[in-house]
Number of protein chains: 2
Amino acid sequence: MTKPAAQSKSERIASLLEAEIRSGQLQDGSALSSENCLVSRFAVSRTTVRKSLGILAEKGLIRTKMGIGSFVTYAGNVIDSGPGWSLALSSAGIRMETRILRIARLGMDLEVPVPLAGEMLAVDRLRFRTETGRGMSLERARVPWRAEFAALLEDGLDGGSLNRTLAARGLVPASGEEWANVLPSLGAEDAALLGLPEATPMLRLRRLTRDTAGQPVEFVESLLDPELFGLHMRF
Amino acid sequence: MTKPAAQSKSERIASLLEAEIRSGQLQDGSALSSENCLVSRFAVSRTTVRKSLGILAEKGLIRTKMGIGSFVTYAGNVIDSGPGWSLALSSAGIRMETRILRIARLGMDLEVPVPLAGEMLAVDRLRFRTETGRGMSLERARVPWRAEFAALLEDGLDGGSLNRTLAARGLVPASGEEWANVLPSLGAEDAALLGLPEATPMLRLRRLTRDTAGQPVEFVESLLDPELFGLHMRF
DNA sequence: TAGCCAAACCTGTATGCTCCTGTCTAGTCT
DNA sequence: AGACTAGACAGGAGCATACAGGTTTGGCTA
C-alpha cells in the first residue's frame, strides 16, 4: 500500500495528499484547497499541482469540478463514491480483497429495470474480507459487447479495473440511473459464493450508466452484505 | 482559505427542492417560494437560484410564469424521497392513509449516525394501505425542542403536516444528509404496529436536515416495507 | 360603485466582477 | 528528454446589481 519515497515532486505531493485523505484529515465530500492555494502551500508550479491532482483523481480519491474545486471522494470507509450517493462500510478498518470470478461473453442474464438486451461482456467480481475470507459483496457488471473486447477474455482487464478498461476504449459514462432495494433472501448459489446463510437479506444496488448519446455503457448489479454496507449521501 | 462545497450550489439546491416536491411537501399546483425568498433561504445569489429552478424546469417538475412565480407540475406516485433518491412505490395505484401515532416531547431515543442529543419534539407516523390495513411504513421524526412547540402537543400539527409546522416557525432545511441501509429484522413492537411478521427485513432510510447555519432542523427515520419501496436516482 | 393608476410584488435579462478549473505555450534545469 | 516553472487565456460557477416587463392589489378618483 504505502510506497517508498516517490521521485518526482508531483508524485510526492500526490502521496502527501493521499495520506491526508486516508488518515481522515480530509473527509469524504470535503473540499481540497484550490490549485492556487496548493501552489503556494507546496511552493511549486500549478502544472505540478495539477499533475498531482490528476494522480489522485485516477485513483478515485478525489473528483474535480470545473469552476468549483476538487473534492474528496474517499474517506477510509467509503468504497465507492460517484455522483450522488456513496457506498460506505458500516465499520472502518476492514481489509478486503477482490477476486474476479469470471470474464465472459454471454447474453443478458440479469433483470434490468429498463430495456437492455443482446450480447454482453460479463465481469463478475467477489469482494471478501482478508482476515476471514467471508464474502462482502458480489458484483456483476455487464457491458454491451464490442469486437475489441475479445482480447479481454484472455488477457484480463487493464490494471484489473473495468472502469479503466472501458475508459481506454472511449466508453465514459455521462449520466445514469441507479436503483437500490432490499433483496429479501439470497439465492443458494450466491450464498455459497459469499459464504453467507442462504436466507440472508441483501442490499441490492443496480446502476446503469450511459454515454453522452444516451447509449448504455455499463450495467452493474451489486449484492451487498447489509451488515457491512450502507448508502450515504449529502445534499 | 476557501469555502467547502460538496457539489455545485445550484445542483444541491435543485436536489433539495426536488426532494420537497417528490415528498409531497410541495403538492402539484402549489407555488414555490419566490426567487428572492429562496435567495435568502439558501443564502446564495439569485443567479444560482434561477439555475436551480432551471434544472427543475428541465426535469418537468416545475413551471415558472413571468410576473407570478414557479409552480409544481408534478404529481407522481412517489410518496417520500431523498434528494436525488426518490423513494418509489413498486406498484402504482395503491391507496393509503396516514395515522399519527404520537406527538410528544422526549429525549433523543433514536440512533443517529452523527451527534444529536437533547430534548426533542417527536412525531411518529404510520402509513398503511386503505384496503388491507397492512402497514407500509413507519416514520419517526425528531426535531430539537423549542418552547413554542408546547402548543403542538395538544393542538396537533398545522394541517397535519410536520414540514408545514416547521416552516411556519422559520425552520427550513438548507442542506442535509441521508443514509439508507437494510434493517435485517423488524423488532417485535414495530412488527405489531405494521402488521408484518416479526423477522421481516426492512429498508431503513434516515435523513438529517440542517438550516443555513448548519444546525439540525429535523431527523427522520423511516422503516419501509421492502416489497413496496425502492430507491431510485438519476444522475 | 365602477374605473383607473401606481406601488409592490414577481420573473426575465444583462453586465461586471472574483475565483475556480482547463488548456496551451515557452523557457529553465538536470 | 523529462521534470518543472511561469505565464497567458478560455470558460464555468457564483455574487452583486441594475433594469425591463408581467401580475396583483389597494387606494384614489370620478
Side-chain angles (χ1 to χ4, degrees), chain A residues 3-17 21 26 29-73 83-84 167 172 174-175 212 234-235, chain B residues 1-17 21 26 29-73 174-175 212-213 235:
Chain A
K3 298 172 185 175
Q7 316 99 318
S8 72
K9 281 190 184 180
S10 51
E11 287 172 2
R12 214 170 48 228
I13 291 172
S15 52
L16 212 147
L17 289 173
I21 292 171
L26 296 169
S30 67
L32 266 72
S33 310
S34 78
E35 293 177 357
N36 279 326
C37 288
L38 296 175
V39 162
S40 52
R41 170 177 165 190
F42 294 111
V44 295
S45 73
R46 205 176 134 225
T47 311
T48 307
V49 165
R50 284 184 56 77
K51 204 177 280 187
S52 304
L53 294 179
I55 292 171
L56 295 178
E58 191 160 344
K59 287 187 179 181
L61 292 169
I62 64 168
R63 190 159 309 221
T64 127
K65 283 195 153 188
M66 185 172 176
I68 309 181
S70 297
F71 305 93
V72 177
T73 56
V172 280
S175 65
T212 46
R234 250 183 253 273
F235 56 92
Chain B
M1 225 167 205
T2 50
K3 294 181 182 179
Q7 43 180 321
S8 80
K9 287 187 180 181
S10 49
E11 289 172 5
R12 228 187 50 206
I13 292 170
S15 51
L16 195 91
L17 290 174
I21 292 171
L26 296 168
S30 67
L32 266 72
S33 311
S34 79
E35 293 177 356
N36 279 325
C37 286
L38 296 176
V39 162
S40 52
R41 169 176 167 190
F42 293 110
V44 296
S45 71
R46 203 174 138 226
T47 311
T48 306
V49 165
R50 283 185 57 78
K51 203 177 279 189
S52 304
L53 294 179
I55 292 172
L56 295 178
E58 194 161 339
K59 286 187 179 182
L61 291 168
I62 63 168
R63 193 169 50 222
T64 116
K65 292 181 184 174
M66 185 172 174
I68 308 181
S70 298
F71 300 89
V72 177
T73 57
S175 67
T212 45
F235 57 90

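The chains referred to below are lettered A, B, ... by the order of the sequence lines, with proteins before strands, and numbering in each begins at 1.
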Next on the checklist: For a 4.5 angstrom cut-off between non-hydrogen side-chain atoms, does L17(A) reach L56(A)?
Outcome noted: yes
Item to check | No-H, no-angle donor-acceptor pair, R46(B) side chain to dG14(D) base, under 3.5 Å | outcome: no
Checklist entry - Rounded to the Å, how far apart are N36(A) CG and dA6(D) P? => result 13 Å
Checklist entry - With side chains defined as the heavy atoms from C-beta onward, is the minimum distance between R41(B) and L16(B) less than 4.5 Å? => result yes
Item to check | Between C1' of dG21(D) and CD1 of I68(B), the distance in whole Å | outcome: 13 Å
Checklist entry - Given atom CD of E35(A) and atom C1' of dC4(D), what is their separation to the nearest angstrom? => result 16 Å
Next on the checklist: Looking at dC15(D), I'd like to know if its phosphate oxygens (OP1 or OP2) sit under 4.0 Å from a side-chain N or O belonging to K9(B).
Outcome noted: yes
Next on the checklist: Using a 4.0 Å heavy-atom cut-off, does S34(B) contact any base of the nucleic acid, only the sugar-phosphate backbone, or nothing at all?
Outcome noted: sugar-phosphate
Checklist outcome for this item: When rounded to whole Å, the CZ to P distance for the pair R12(B) and dA13(D) reads 15 Å
Checklist entry - Do the side-chain N or O atoms of S10(B) get closer than 4.0 angstrom to the phosphate oxygens (OP1, OP2) of dA13(D)? => result no
Checklist entry - Counting side-chain heavy atoms from C-beta on, which of dA6(D), dG12(C), dC4(D) comes nearest to T47(A)? => result dA6(D)
Item to check | Whole-Å distance separating the NZ atom of K51(A) from the C1' atom of dT21(C) | outcome: 17 Å
Next on the checklist: My understanding is that only residues two or more places apart in sequence, or in another chain, count here; which of them pass salt bridge (charged side-chain N to carboxylate O under 4.0 Å, His left out) with K65(B)?
Outcome noted: none
Item to check | For I68(A) against S8(B), the heavy-atom pair lying closest together | outcome: CD1-CB, 3.3 Å
Next on the checklist: What is the distance, to the nearest angstrom, from the CZ atom on F42(A) to the P atom on dA6(D)?
Outcome noted: 16 Å
Next on the checklist: Counting C-beta onward and ignoring hydrogens, is there a side-chain heavy-atom pair between L32(A) and L53(A) closer than 4.5 Å?
Outcome noted: yes
Next on the checklist: For a quick test of reading the model: is some side-chain N or O of T48(B) closer than 4.0 Å to OP1 or OP2 of dC15(D)?
Outcome noted: yes
Item to check | Under 4.0 angstrom between R50(A) side-chain N/O and dG22(C) OP1 or OP2 | outcome: yes
Item to check | Phosphate contact (dG22(C) OP1 or OP2) by T64(A) side-chain N/O below 4.0 Å | outcome: yes
Next on the checklist: Measure CG/L32(A) against P/dC20(C) and give the value in whole Å, please.
Outcome noted: 13 Å
Checklist entry - How close or far is atom C1' of dT23(D) from atom NZ of K65(B), stated in whole angstroms? => result 11 Å
